[in-house]
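All remarks here apply to the structure that follows.
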Amino acid sequence: MSKLEKVLYGNRLKPFLFLVGLILMLPFVVKSSYIFTILILIGIYSIVTLGLCLLIGYAGQISLGHAAFFGIGAYTSGVLTTSFQLSPWLALVIGMVTTFFIAYLIGIPILKLKGHFLALATLGINIIFYILILGLNQLTGGAAGLIGIPSLSLFGLPLTDKLFFYFFVWTAALLVLLLSLNIVRSHVGRVLRSIHDSEIATETLGVKVENYKVAIFALSAAFASLAGSMYAHYITFVAPPTFYITKSILFLIMVMVGGAGSVWGAILGTTVIMFLNEIIRFVGHTYFGISGEVEIVVYGLIIILIMMFLPKGLMHVISKPIQKLKQKKKVKIKSHKDMISQKGV
Amino acid sequence: MSKLLEVRGLTKQFGGVTAVSEISFDVGAGEIVAVIGPNGAGKTTLFNMISCFLSPTNGEAYFKGNKLTGQKIPQLAHLGIARTFQNLQIFHNLTVLENVMMGAHVKLKTNVVNAAFRLPRILKDERIAYDLALDAIHLVGLEELMFEQAGQLSYGLQKQLEFARAIVYKPDFIMLDEPMAGLNDYETNRMAGYIKKLKSEGISFLFVEHKMATVMELADRIIVLDFGKKIAEGTPDEIQQNAKVIAAYLGEEVV
Amino acid sequence: MELLMQYIVTGLTVGSIYALLAIGFVTVYNITGILNFAQGEFAMIGALTCITFVNAGLPMYASIIFAILISATIGLIVERTAILHARNTSVIILIIITIGVSTFLKGMGLIIWGTNPKQLTPLIKMEPIHFMGAVINPQSIFIFIVLLILLAVLYVFFEKTYIGSALRACEKNPRAAKLMGINPSTMSALAFTLAAALGAIAGILITPITDATYEMGFLIGVKGFVGMVIGGMHSIPGAVAGALLVGLLETFSGGFISTFYSDAITFLVLILVLFFKPNGIFARASGERV
Amino acid sequence: MLKVDGVSTHIGKIKILHEIYFQVEKGQIVSIIGANGAGKSTLLNTLAGLYRPTSGTITLENDVISGYPANKVVEKGLSLVPEGRQIFSNLTVKENLLLGMFSKYYKEKKLAEENLTKILDMFPSLKKHLKNLGGNLSGGEQQMLAIGRGLMSNPKIILLDEPSMGLAPKIVYEILDTLMIIKEDLGTMVILVEQNVKAALKVCDQAYVIDQGRIIINGTRDEISSNPQVISAYLGIKSAGA
Amino acid sequence: MKKLCKSICSFSLMLILVIALSACNMETSGGNDKKDGDGGKEVIKIGAIFAETGPASTLGKTQANYVKLIQKQLDEAGTINGKKIEIIMQDYETDDTKAVIAADKLISEGVVAVVGATQASTSMAILPKISGEGIPLMTVAPVNPEAKDIYQMAPSNLTNASLIIKFLKENNISKVAWINARDGFGVEGLPSFEKVAKENDIKIVAHEEFDATATDMTVQLTNIRKKNPEAVIVWSRTPGAGIVARNFKALGFDIPMIQSSASANKGFLDQVKDNNENIYVIGSKLSVVDQLPNGEQKDRLKKFREDYRTMFNSDPDNFTAHAADGFHLLIEAIKAGNTTSEDIHNYLKTEVNKYSGLTGSFELQSDYVGPYEDGFSVLGIENNEWKYYE
């Protein structure tokens with residue numbers, strides 16, 4: 001990391017290493033396969049929410065249709081590996097590339113829309129996709145779902161083992177995080193945030209705003225597709241309801257609860273929502289003897305409360321005390337500033 | 001003096017109302033031209049048409065012989081035209097430094113792909129943007145505030161920031177929409193100083209302004225609009241003597 | 001011919017269901033600028049409370065009135081608690097809040113009424129009418145008539161009454177409205193109350209055809225929403241026309257192309273409309289001067 | 001009378017108004033002069049309750065009105081005609097006018113009719129457009145409508161933010177004439193914010209010059225008109241050039 | 001005020017997170033303990049995965065209820081061979097992903113067998129996880145006949161199809177139209193029926209689908225009418241099933257309509273109230289207990305219904321019965337001294353011979369999946385009640 005980068009964006013190594021450490025450590029603490037499944041799903045969903053976070057938090061564009069891209073990945077992998085006996089790895093890459101181009105083509109007209117209209121158009125895309133996978137039942141298995149998707153194997157090591165899959169998923173998630181961080185911590189990240197603040201001013205500075213919006217949309221779709229492929233190989237079964245609007249909304253909620261303003265928020269939000277679901281279930285069943293219905297109510301209530309009182313998400317709450325710590329260090333930085341206000345740091 | 005900007009018969013109608021009517025003028029290289037006129041006279045509309053934010057009902061504008069009318073907005077920056085806005089358009093959630101670095105966009109080759117994989121090009125671009133931005137920040141004297149969020153700055157400082165962002169990539173021609181509005185005398189003088197300094201480096205300006213003293217001091221030529229029409233054009237001295245201008249701009253005496 | 005007639009009749013029936021939902025959407029959107037994803041849930045609450053009252057032995061008309069009042073109260077409570085706080089935040093946060101409200105209300109519906117579909121006997125009991133070879137359900141005619149009446153009443157309310165003009169003023173220019181002494185927050189509460197009442201009416205009317213379940217709201221809500229966008233977000237007649245169009249589009253594409261893909265076709269049309277005529281196909285140029 | 005006592009206003013974190021003191025006596029037109037961005041509009045908006053002052057009080061005839069939201073301030077008798085007119089373009093002229101007395105309409109319907117007649121007498125050009133949409137009026141008529149709407153609630157004081165913006169000189173003077181009528185016939189206090197300084201100084205009794213959110217000069221019309229600083233800064237390029 | 005709310009909000013969230021972590025740890029360790037000491041422990045756990053909420057809850061709700069009932073019965077009965085049986089119920093909210101999580105949770109809890117899931121597609125989704133651990137899965141939905149390692153409590157679609165064929169033949173019908181909901185339940189029926197119909201020379205002249213949440217199926221029925229079938233077969237859950245029936249009546253069809261077993265419940269009866277001649281469903285005999293000839297089957301079903309009625313004040317349906325059969329079979333196995341998954345597998349595969357369940361008799365070692373058709377029959381409706389034909 002160059003000095004200049006440190007000056008511009010602060011340190012990223014520490015939180016990244018913290019996360020890596022956490023991921024490496026967890027298998028020693030957690031033994032339950034139930035928790036592993038949740039951790040694996042958090043990894044998979046994080047890949048989607050990271051892309052979505054770039055789109056929503058940085059570029060300021062809403063999407064209620066990412067479950068469709070998630071689904072394209074899952075079904076490409078599923079269909080290519082079952083009906084055409086392709087290597088899962090190849091299918092995964094084909095899925096990503098296809099999704100990228102589909103999203104790019106869709107994005108060109110759709111990202112001209114703003115706010116509610118964009119939300120509705122992406123929602124429409126999700127519904128169209130849903131109907132297509134139901135309708136093309138020769139290929140996709142229709143409503144009955146697609147069974148017998150093979151598990152992944154890496155260098156002869158079958159990833160059916162939860163531990164291996166856990167590491168595999170999180171390696172992928174960390175790579176996606178790294179890519180996202182690279183984007184965010186570069187001129188592109190600045191461009192995206194500028195688009196969020198003022199599209200007009202950004203255009204005036206010579207930025208082809210449309211291209212950036214579409215590129216990020218397509219990229220986030222490709223991430224979703226990657227996650228979809230992993231999902232298909234992990235569960236080894238896919239059925240259309242998994243890719244309905246409810247899932248898109250779930251992704252959106254994860255991003256917003258974590259805090260769309262930071263890529264770390266995406267991972268945090270995904271983790272919190274996944275565990276929240278389980279906790280409501282667990283605490284509700286064990287201590288209050290309540291059943292499924294109440295879960296939905298509590299879930300809805302929590303979403304409303306978080307959006308009302310913490311519209312910037314949980315990341316904002318967490319980063320505040322950290323920032324306060326940094327204030328103390330500010331004196332140090334001040335002297336640093338003098339140094340870097342000259343050229344050639 | 002060679003012509004940099006040529007405006008030919010620009011007209012804009014909204015519904016049935018003509019906001020700007022048949023306006024033509026030139027801006028030469030290294031020249032400062034001011035557009036004045038009462039509120040609602042069509043100055044901003046004219047500005048927006050030249051900078052391609054509005055497409056004119058009639059007429060066109062040329063820059064260095066290239067037709068501007070019908071171009072996409074981002075293209076203008078690549079041609080060497082920068083502009084500021086009447087109601088500030090800074091990026092509130094970016095720091096001052098990042099705001100100014102955004103101005104260097106046309107000099108950079110960063111795109112989503114090479115950024116994602118952090119190719120060496122990126123670090124080079126960051127360096128270029130940073131160095132250019134520092135020059136601009138030094139010019140307007142915002143060094144102390146480099147790492148503050150732009151949204152936290154006072155209005156006057158935001159105005160300076162927007163100016164700095166516009167000049168980062170050394171455009172040939174800068175359009176300023178009321179650059180002095182809301183500035184105090186000290187700030188106004190400083191801003192005038194920056195403009196003069198850049199003029200000495202051969203950059204041309206077209207600006208809209210209400211503060212007459214500044215206009216008279218800075219402008220080589222003044223164009224006066226009233227009700228969408230150009231009612232006068234000339235040097236500051238000529239304009240001050242022009243009876244039509246006095247009537248339109250100052251209002252007739254109340255009987 | 002016979003088929004064509006049947007498609008038209010069915011299309012209008014389905015369309016008027018969507019239209020009833022769309023009216024509520026437009027009311028809230030026009031006054032507050034919020035797209036209320038929970039609109040369908042008000043239909044659910046209206047329908048199920050009405051059924052509960054009927055089953056408890058109340059007369060039909062009283063049940064309907066109570067159900068509408070209860071839904072309106074819930075609408076008001078939702079606005080005062082969840083929406084009021086967040087009125088000035090971004091579109092995306094408002095979208096998520098209304099989604100949260102929708103989830104919450106759906107859950108409450110599930111707790112109170114369970115999962116089984118519930119029936120409501122129609123107000124008018126009649127045999128299906130045969131008309132030019134098509135079969136018309138009398139309830140569809142009833143829905144259509146109520147739709148027209150509602151259109152007329154809302155037209156008079158918004159265009160001819162004083163409070164209606166205040167609501168329209170609030171929509172166009174909330175700042176200036178505030179300067180007139182109009183409290184936009186009160187108007188927003190009014191809008192939600194009204195929309196919830198309209199939703200309840202919609203729910204009660206369609207239940208004899210579709211039956212009521214706790215999750216009946218979502219899909220018809222989305223379709224009503226689509227109708228509203230296709231027809232134009234700013235006018236109630238436009239939204240109703242759009243919703244009827246969506247109904248017809250569904251049945252005709254179902255009849256002539258494939259019932260599998262009729263929903264997909266509807267949404268494809270929606271995206272095309274958004275792209276080419278983002279203000280809706282029935283939007284007229286407003287008489288505004290710049 | 002209206003008394004402004006040490007009012008400061010922040011927008012975001014930025015302090016726009018710095019401890020403003022001034023007052024308007026009964027039957028006065030007070031003019032506030034200043035460059036773009038000096039804080040004039042912020043001052044009017046603070047008075048009208050659109051911004052909440054961070055310190056200081058505003059008193060209208062023994063009634064503290066600071067701290068109330070705009071819709072309450074109107075009820076207390078202060079009416080603001082905003083910059084750019086802000087009429088309801090989708091409503092008819094009559095609806096526009098009637099909305100002006102929203103807070104009292106249901107209590108005093110009769111008064112509403114009376115006021116309507118009174119306003120229409122004052123602005124005869126609106127009479128023939130009664131059923132037209134506000135958005136279809138000419139700029140001058142829209143301004144008349146905006147003022148008329150502001151007067152519908154029988155305010156004790158009316159605030160006008162740049163009524164001459166974008167209007168031909170002839171119409172500007174018509175509007176200024178109306179202000180004299182408002183002052184004399186209705187006895188309403190007026191605060192006028194105007195770019196056209198010369199015109200503003202013709203009608204006002206008292207004027208304040210505001211710069212950087214502070215009142216830097218105040219005085220009667222004649223004092224201000226002859227103040228050399230004001231002359232050089234606001235009263236024309238002749239003196240600036242000279 | 002706002003600040004307070006904010007801090008309360010963030011504080012409670014933090015609290016939840018802490019609880020979460022501790023809860024997870026608790027479960028982790030707890031799960032392990034029990035797994036280790038499986039044989040010697042006092043508690044035997046059986047898992048249940050039902051759609052208590054979500055669209056499939058019309059089927060899953062009573063199944064979830066039944067878990068409470070059987071747990072109560074087990075508690076009252078005391079221990080079996082000195083062991084207490086505990087049923088762990090998971091609601092998967094009609095979401096396959098949640099079902100998989102639930103499956104993993106049950107595995108972690110150390111269950112010896114699992115009953116579920118409500119839907120066929122979900123059963124397929126959880127099958128690899130559960131059978132991978134060697135745990136028997138008793139599905140309550142008619143799954144794909146090719147599925148292995150799964151015990152099916154519901155009659156297979158082939159069984160259902162042959163019941164329909166029998167009915168059609170009795171009524172001399174050879175041309176039928178098929179309409180189904182576009183969801184996991186709806187689309188499963190047709191392939192089996194097509195197969196059996198072909199063997200019996202019955203022609204399917206029309207096939208239509210509708211969205212599971214659609215509000216009007218008139219268009220589909222109009223399309224069907226063009227083809228002049230002699231009967232219409234509907235494969236859908238309620239409320240869709242009821243709406244089709246009503247549209248069918250409104251359009252004035254005068255041919256029989258045969259609905260799937262998903263319609264054999266009170267909800268459907270209410271939906272088609274007063275206008276229901278010519279409507280038939282494939283129903284479990286449970287729905288017509290009172291009309292059955294006296295005998296052991298009648299007693300069994302009657303007891304089941306009464307138990308359910310006393311506890312929930314409503315009637316169980318055949319889906320409840322499928323779940324009950326699943327639990328009963330497992331309890332039988334445990335009573336026979338089998339306390340591990342492997343033993344239960346062996347027991348089910350080798351010992352269960354002509355077991356008389358609530359929905360028919362089972363013979364799990366044969367290739368035939370699901371109960372025989374003796375628990376089912378095509379039911380008509382009379383006086384708004386199910387009518388049993390002998």
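Letters A, B, ... are given to chains in the order of the sequence lines, protein chains preceding strands, and every chain is numbered from 1. Only a predicted model underlies this, so the values are computations on that prediction, with no experimental measurement involved.
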At a heavy-atom separation under 4.5 Å, does [X] approach chain A through its side chain, its backbone, both, or neither?
X      : result
C:I99  : side chain
C:L84  : neither
C:V101 : both
C:L268 : both
C:F37  : side chain

Atom group of [X] that falls short of 4.5 Å from chain C, counting heavy atoms:
X      : value
A:I106 : neither
A:I56  : side chain
A:I249 : side chain
A:I303 : side chain

Most chain A-contacting option - heavy-atom pairs closer than 4.5 Å, from C:I83, C:I93, C:L270: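 Of the candidates given, the most pairs with chain A belong to C:I93.
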A:Y45: partners by side-chain hydrogen bond (donor to acceptor under 3.5 Å, both in side chains), with sequence neighbours left out: A:K247
Do [X] and [Y] make a side-chain contact, defined as non-hydrogen atoms from C-beta onward lying under 4.5 Å apart?
X      : Y      : result
A:I245 : C:F218 : yes
C:T103 : A:I304 : no
A:L132 : C:Y261 : yes

OG on C:S90 to CE on A:M307, rounded to 0.5 Å: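 Answer rounded to 0.5 Å: 9.0 Å.
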Rounded distance [0.5 Å steps], OG1 in C:T89 versus NZ in A:K312: 12.0 Å
From CA spacing to verdict: side-chain contact (heavy atoms from CB on, under 4.5 Å), C:T266, A:I127: CA-CA 10 Å; C:T266 307; A:I127 291 182; over 6 Å; no
All ring pair (Phe, Tyr, Trp, His ring centres under 6.0 Å) counterparts of A:H116, not counting sequence neighbours: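 Partners of A:H116 under the ring pair (Phe, Tyr, Trp, His ring centres under 6.0 Å) test: C:Y29.
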With C:F252 via ring pair (Phe, Tyr, Trp, His ring centres under 6.0 Å) - residues at least two apart: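 With neighbours one apart ignored, the set is C:Y7, C:F256.
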Between [X] and [Y], what is the shortest heavy-atom contact and its length?
X      : Y      : answer
A:V297 : C:M108 : CG2-N, 3.5 Å
C:L274 : A:L113 : O-CD2, 3.5 Å
C:I95  : A:A119 : CD1-CB, 3.9 Å

Contact residues of residues 59-68 of chain A (partner chain C; heavy-atom separation under 4.5 angstrom):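 Against chain C, the residues of residues 59-68 of chain A that fall inside the cut-off (heavy atoms, under 4.5 Å) are A:I62, A:L64.
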Other residues, nucleotides, ligands: >12 heavy atoms within 6.0 Å of C:F275 CZ: yes
